[in-house]
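Notes follow once the structure below has been shown.
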Amino acid sequence: MNTPNNLHIYNTLTRTKEPFEPIDPDNVRLYVCGVTVYDSSHIGHAMSALVFDMVRRYLGHRGYGVTHVLNFTDVDDKIIDRAHREGVPWQSITQRYIDGYLAEMDALNVMPATVYPHASQEIDEIIGMVERLIDEEIAYESAGDVYFRVLADEDYGKLSRRRVEDQQAGGGERVSSDEQARKQHPMDFALWKAAKPGEPQWESPWGMGRPGWHIECSAMSMKYLGPQIDIHGGGSDLIFPHHENEIAQSESFSGQTPFVRYWMHNGMVQVSNDQGEIEKMSKSLGNYFAVDSFLARYSGDVLRLFVLSTLYRRPTTFSEKVIDDARKGVERFLLALRPAKADASEADEALLELAASVDERFHSAMDDDFNTPVALAALHELARALNGARDRGVGGTEFDAAQTTLQSLLAVLGFALDRPATQGSDSAEAAPFIDLLVALRGQLRADKQWALADQLRDRLAELGVTLEDGAEGTTWTI
RNA sequence: GGCGACGUAGCCAAGUGGUAAGGCACGGGUCUGCAAAACCCUGAUCACCGGUUCGAAUCCGGUCGUCGCCUCCA
């Protein structure tokens with residue numbers, strides 16, 4: 001499968017698809033902006049995680065070694081607010097949501113990152129960077145704060161395509177706070193913030209304080225992956241100001257350009273509100289669907305299929321309908337992986353040819369900036385062919401090989417393919433009892449007691465157990 | 001106001017110069033005691049207007065609409 005690669009990645013910086021040429025193919029440096037741990041995660045956070053999990057898995061599949069860094073922002077106003085409200089140390093807030101996030105990612109079958117740095121544990125590196133930027137006169141201290149001097153960076157704005165002059169014109173609307181007064185230019189942003197009472201704080205050359213938001217990612221990326229990395233990912237809402245500022249800080253600090261070779265941004269999860277308007281899913285709008293409550297109703301694969309059914313760069317709208325579609329899609333793939341009929345033995349060369357074609361189309365779609373919708377379309381074709389072949393009594397090596405292709409390509413996309421509990425499964429404690437009821441119903445059917453048999457099936461359905469009568473007996477899933 | 005993205009069948013969603021992938025739903029059919037599942041058949045000229053071209057959903061211009069960023073944000 002590790003043929004010469006033709007992988008192209010859309011780079012937000014250049015707004016074009018570019019051939020992927022990593023610094024070191026054995027060590028692709030991938031940094032993804034994680035979450036600010038002040039509350040539980042929602043579907044939008046999961047989308048980002050699933051997208052970059054897919055990217056990481058595909059890179060691995062194509063033979064690259066990957067070092068994946070995912071940070072936790074654990075120093076932040078909202079964390080501080082929440083700690084005050086609950087009357088607990090801020091560390092207990094961050095630990096709670098870090099633990100929750102990691103557990104949810106595990107349930108979503110997201111591969112663990114190589115390193116999970118925390119902003120609060122990288123203070124020395126951050127201070128070192130800020131000192132250097134001050135020495136270079138790219139940053140300046142002001143009343144215990146330190147700001148990045150935007151005008152000192154001639155190509156500031158290149159990622160988000162904003163010009164400092166344009167921003168000045170319309171920038172007066174926001175209330176001019178004390179912070180604005182301490183800045184030399186309205187676009188300057190904080191590298192370090194002077195401590196306020198009751199906040200987490202660390203010693204620094206500028207007095208007690210804490211890091212600004214953007215600097216942590218520069219420091220952590222630099223520390224764990226070096227001054228230049230291959231891929232930096234995150235949600236499209238991070239393009240400005242977060243990633244723009246990361247570039248400014250990092251390139252000014254290291255003198256090396258580009259800081260990031262490929263900037264990748266996933267689209268936002270949107271949701272329809274009461275008025276039927278579409279809006280971004282977010283905590284502040286109160287329109288979010290938490291990952292844990294999603295997982296209480298559906299498998300992680302359902303969310304993964306929902307996410308991968310759209311190009312990662314495009315926004316996608318979350319709704320009951322699309323989730324139900326994804327649920328059915330996952331079910332369909334699982335059904336396609338069912339074994340051939342017990343007495344099947346008919347060969348089918350065409351199935352092998354199709355599997356080869358699907359494999360080829362899957363890879364060319366994925367090589368084209370991770371076009372998962374097209375890759376999935378190919379897999380759907382294979383699933384349909386497998387089901388048709390099974391119905392016709394096809395079995396044997398061709399059938400098995402085609403199934404292996406489907407299974408392994410789904411695994412490349414990160415699907416866990418956990419089967420629902422069925423007979424013989426030890427995961428369902430009710431299994432022996434369900435088997436008993438199914439056997440009883442079999443007796444009723446043999447006696448043509450259809451009404452009773454159907455009633456039994458209906459009642460089991462109400463309890464969440466689905467029966468299917470086939471030529472080789474009745475199967476059930478829960 | 002500035003920057004950016006998008007508008008494809010009932011719904012979701014690819015395609016970005018040569019007469020529209022895939023999925024869901026609907027309808028018809030095969031199978032089944034019935035059902036479910038599966039399989040087969042069935043549907044769009046691509047927001048609108050104008051232009052470029054032998055040829056455009058695909059390029060250019062305009063109009064309308066939707067969304068994101070410009071403030072914390074995946």
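Per chain, numbering begins at 1; letters A, B, ... match sequence-line order. As the structure is a prediction and not an experimental result, all values here were calculated from the model.
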To the nearest Å, how far apart are [X] [atom1] and [N] [atom2]?
X	N	atom1	atom2	result
A:R392	B:C40	CZ	C1'	11 Å
A:F318	B:A74	CZ	P	18 Å
A:Q455	B:A35	CD	P	18 Å
A:L238	B:C3	CG	P	22 Å
A:R457	B:C34	CZ	C1'	6 Å
A:D454	B:G33	CG	C1'	8 Å
A:Q270	B:G65	CD	C1'	14 Å
A:E216	B:C72	CD	P	13 Å

Counting primed atoms, P, OP1 and OP2 as sugar-phosphate and everything else as base, the B/S/- map of nucleotides 21-30 of chain B against protein heavy atoms under 4.0 Å is BSBBS-----
- prompt: Is A:R82 salt-bridged to A:E86, going by a charged N under 4.0 Å from an acidic O?
  reply: yes
Once you apply the 3.5 Å cut-off to both distances, tell me the Watson-Crick or G-U wobble partner of [N], or none.
N	result
B:C59	B:G51
B:G43	none
B:U71	none
B:U32	none
B:C6	B:G65

Subject >> Side-chain H-bond candidate by donor/acceptor type, A:Y31 with A:E246, under 3.5 Å >> reply: no
Side-chain N or O of [X] closer than 4.0 Å to phosphate OP1/OP2 of [N]:
X	N	value
A:R163	B:C70	no
A:S284	B:C72	no
A:K280	B:C69	yes
A:N371	B:G15	yes

* Can you find a donor-acceptor N/O pair under 3.5 angstrom joining the side chain of A:D469 to the base of B:C34? -> yes
Practice prompt. Kindly indicate whether the side chain of A:R162 and the base of B:C69 share any N or O donor-acceptor pair separated by less than 3.5 Å?
Written response: yes
Please list, one pair per line, the donor and acceptor atoms closer than 3.5 Å that link side chains of residues 112-119 of chain A to other protein atoms, with sequence neighbours excluded.
from	atom 1	to	atom 2	distance (Å)
A:T114	OG1	A:H68	N	2.8
A:T114	OG1	A:H68	O	3.4
A:Y116	OH	A:A113	N	2.9
A:H118	ND1	A:Y116	O	3.0

Between A:R15 and A:Y10 the two heavy atoms that sit nearest each other are CA-OH, 3.3 Å
* Asked: Is a side-chain N or O of A:D53 found less than 3.5 angstrom from the main chain of A:M111, in a donor-acceptor match?
  -> yes
